Amino acid sequence: MEEVSEYYQNRGCFNELISLMESGLGLERAHMGIFTELGVLYARYRPEKLMEHIKLFATRLNIPKLIRACDEQQHWKELTYLYIQYDEFDNAATTIMNHSPEAWDHMQFKDVAVKVANVELYYKAVHFYLQEHPDLINDVLNVLALRVDHARVVDIMRKVALILATFSPVVYSITFFYFNNECFPCRIIGWSSPSCQAIHGCSSE
């Protein structure tokens with residue numbers, strides 16, 4: 001299969017090769033290689049067809065091979081989907097955050113976040129949402145509430161807010177007031193864990 005594909009590609013016959021592979025999808029016992037190679041070809045030459053192909057034939061693909069092709073061609077949304085299908089949730093979360101303009105979807109990210117194995121990705125997610133989607137920070141923290149150290153999250157929120165405050169005296173004065181008088185992060189997310197109470201004397205009431 002790869003030799004045939006290489007033969008056509010070396011001669012610039014991309015359309016003919018894609019048509020040949022597409023015609024093979026209807027065969028009664030079509031080999032996995034046909035579905036996979038067609039996915040690779042879409043990644044290289046017909047990216048607009050790639051996601052539909054992956055969704056239709058996810059169970060008939062050599063996913064690791066197609067993951068490599070999507071990574072090489074920088075198809076981040078499709079790469080994320082393949083990682084999820086392959087139960088590589090850490091890689092999926094990392095791809096979403098590293099390539100958010102194309103790969104980020106809030107509902108998908110929440111589903112992925114609760115399945116990651118590397119706990120440091122939880123805190124990276126907090127940073128990510130504070131910087132890029134602060135209006136949704138409550139929602140993602142509600143999903144992660146049972147998996148993170150609340151005091152560490154509050155500390156992250158405090159540091160990010162203080163960094164942002166350096167750009168404006170007005171923001172600084174507001175930030176100083178909230179963080180020193182009301183433990184603003186805890187009130188935002190409605191947390192009142194023993195660790196937060198001990199450190200900040202905060203309460204969600």
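The figures that follow rest on heavy atoms only: side chains count, while hydrogens, waters and symmetry mates do not. Just so it is clear, the structure is predicted and the values come from calculations on it, not from any experiment.
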Q: CD1 of I34 to OG of S5: how many Å apart, nearest 0.5 Å?
A: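 Atom-to-atom, I34:CD1 and S5:OG are 12.0 Å apart.
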Q: Are V114 and V153 joined in one hydrophobic group, where the rule is that I, L, V, M, F, W and Y side chains link up if heavy atoms are under 4.5 Å apart?
A: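 No; tracing contacts between hydrophobic side chains, which count when under 4.5 Å, never links both residues.
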Q: Does K49 pair with E22 as a salt bridge, N-O distance under 4.0 Å?
A: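 Here K49 pairs with E22 in a salt bridge, since their nearest N and O are under 4.0 Å apart.
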Q: A quick test of your reading: do over 12 heavy atoms of other residues, nucleotides or ligands sit less than 6.0 Å from NZ of K65?
A: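 Yes, the 6.0 Å shell around NZ holds more than 12 heavy atoms from other groups.
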Q: Among L25, I18, L17, which residue meets the side chain to side chain contact (heavy atoms under 4.5 Å, CB included) test with M21?
A: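 Of all the options given, the one that passes is L17.
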Q: Measure across G39 and L66 and return the closest heavy-atom pair with its distance rounded to 0.1 Å.
A: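 Smallest heavy-atom distance, with atoms named: C-CD1, 3.5 Å.
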Q: Do the ring planes of H53 and F35 sit parallel (below 30°), tilted (30 to 60°) or perpendicular (above 60°)?
A: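 Plane angle under 30°, so parallel.
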Q: What distance separates L136 CG from L130 CG, expressed to the nearest 0.5 Å?
A: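 Atom-to-atom, L136:CG and L130:CG are 11.5 Å apart.
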Q: Step through the shown structure and confirm whether more than 12 heavy atoms of other residues, nucleotides or ligands are within 6.0 Å of CD on E102.
A: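 Counting neighbours around CD of E102, more than 12 heavy atoms of other residues, nucleotides or ligands fall under 6.0 Å, so yes.
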Q: Taking all atoms of both residues into account, what is the closest heavy-atom pair of N62 and T36, and its distance?
A: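 Heavy-atom minimum between the residues: N-OG1, 2.8 Å.
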Q: Calculate, to the nearest 0.5 Å, the distance between atoms CG and NZ belonging to D87 and K115 respectively.
A: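 So the gap between those two atoms works out to 8.0 Å.
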Q: Minimum heavy-atom separation for Q73 and A43, please, with both atom names.
A: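 So the minimum-distance heavy-atom pair works out to CG-O, 3.6 Å.
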Q: List in chain and number order the residues that pass salt bridge (charged side-chain N to carboxylate O under 4.0 Å, His left out) with R60, two or more places apart in sequence or in another chain; answer none if no residue qualifies.
A: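 Per chain and number, R60 pairs via salt bridge (charged side-chain N to carboxylate O under 4.0 Å, His left out) with no residue.
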Q: Going by salt bridge (charged side-chain N to carboxylate O under 4.0 Å, His left out), name the residues that satisfy it together with E78, two or more places apart in sequence or in a different chain.
A: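 By the salt bridge (charged side-chain N to carboxylate O under 4.0 Å, His left out) rule, E78 matches no residue at all.
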Q: Is it the case that the side chains of Q108 and D105 hold a donor-acceptor pair, with the cut-off being a distance below 3.5 Å and no angle test?
A: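 No, Q108 and D105 have no side-chain donor paired with an acceptor closer than 3.5 Å.
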Q: Hydrophobic clustering (ILVMFWY, side-chain heavy atoms < 4.5 Å, transitive) - are V143 and V126 grouped together?
A: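 No, V126 and V143 fall in different hydrophobic clusters.
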Q: For K55, what residues pass the salt bridge (charged side-chain N to carboxylate O under 4.0 Å, His left out) criterion, not counting sequence neighbours?
A: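 Scan of K55 (salt bridge (charged side-chain N to carboxylate O under 4.0 Å, His left out), adjacent residues dropped) gives none.
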Q: Taking atom CE of M51 and atom CD1 of I54, what is their separation to the nearest 0.5 Å?
A: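 These two atoms lie 6.0 Å from each other.
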Q: Might you confirm whether atom CD of E52 has over 12 heavy atoms from other residues, nucleotides or ligands at distances under 6.0 Å?
A: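 Open.
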Q: Grab the two heavy atoms, one from I84 and one from A92, that are nearest each other, plus how far apart they are.
A: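 Looking at all heavy atoms of both residues, the closest pair is CG1-CB, 3.9 Å.
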Q: List in chain and number order the residues that pass side chain to side chain donor-acceptor pair (under 3.5 Å) with K124, two or more places apart in sequence or in another chain; answer none if no residue qualifies.
A: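 With sequence neighbours excluded, K124 shows a side chain to side chain donor-acceptor pair (under 3.5 Å) to N98, given in chain and number order.
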Q: Hey, is the main chain of A151 close enough, under 3.5 Å, to the side chain of D155 for a donor-acceptor pair?
A: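 A pair under 3.5 Å: no.
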Q: Can you run down the ring-ring contact (aromatic ring centres under 6.0 Å, His included) pairs that involve residues 2-29, sequence neighbours left out, and say none if there aren't any?
A: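 Sorted result for residues 2-29: F14-Y45.
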Q: Run H127 and I156 through side chain to side chain contact (heavy atoms under 4.5 Å, CB included) and show every step you take.
A: CA-CA 7 Å; H127 275 287; I156 290 171; 3.6 Å; yes
Q: Can you name the nearest heavy-atom pair linking L50 to C70, along with the distance?
A: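 Heavy atoms only, the tightest pair is CD2-SG, 3.8 Å.
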Q: Is it the case that more than 12 heavy atoms not belonging to H106 sit under 6.0 Å from its NE2 atom?
A: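 Yes - once you tally the heavy atoms of other residues, nucleotides and ligands closer than 6.0 Å, there are more than 12.
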Q: What's the separation between atom OG1 in T95 and atom NZ in K77, rounded to the nearest 0.5 Å?
A: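 Spacing of OG1 (T95) from NZ (K77) equals 14.5 Å.
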Q: Using 0.5 Å steps for rounding, measure from the CD atom of E6 to the CZ atom of R11.
A: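 E6 CD to R11 CZ: 9.5 Å, rounded to 0.5 Å.
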Q: Please answer whether the main-chain N or O of F128 pairs with a side-chain N or O of H133 as donor and acceptor at a distance below 3.5 Å.
A: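 Absent.
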Q: Say whether Y42 and I63 are linked into one hydrophobic cluster, either directly or through other cluster members, by side-chain heavy-atom distances under 4.5 angstrom.
A: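 Yes, Y42 and I63 fall within the same hydrophobic cluster.
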Q: Any ring-ring contact (aromatic ring centres under 6.0 Å, His included) involving residues 71-95? Give me the pairs, sequence neighbours left out, ordered by first then second residue.
A: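 Every ring-ring contact (aromatic ring centres under 6.0 Å, His included) pair that includes a residue of residues 71-95, provided the two are not neighbours, is W76-H99.
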Q: So does D149 get a backbone contact from the side chain of Y123, meaning a donor-acceptor N/O pair under 3.5 Å?
A: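 It does hold such a pair.
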Q: V40 and M32: same hydrophobic cluster, using ILVMFWY side-chain contacts below 4.5 Å?
A: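 Hydrophobic grouping puts V40 apart from M32.
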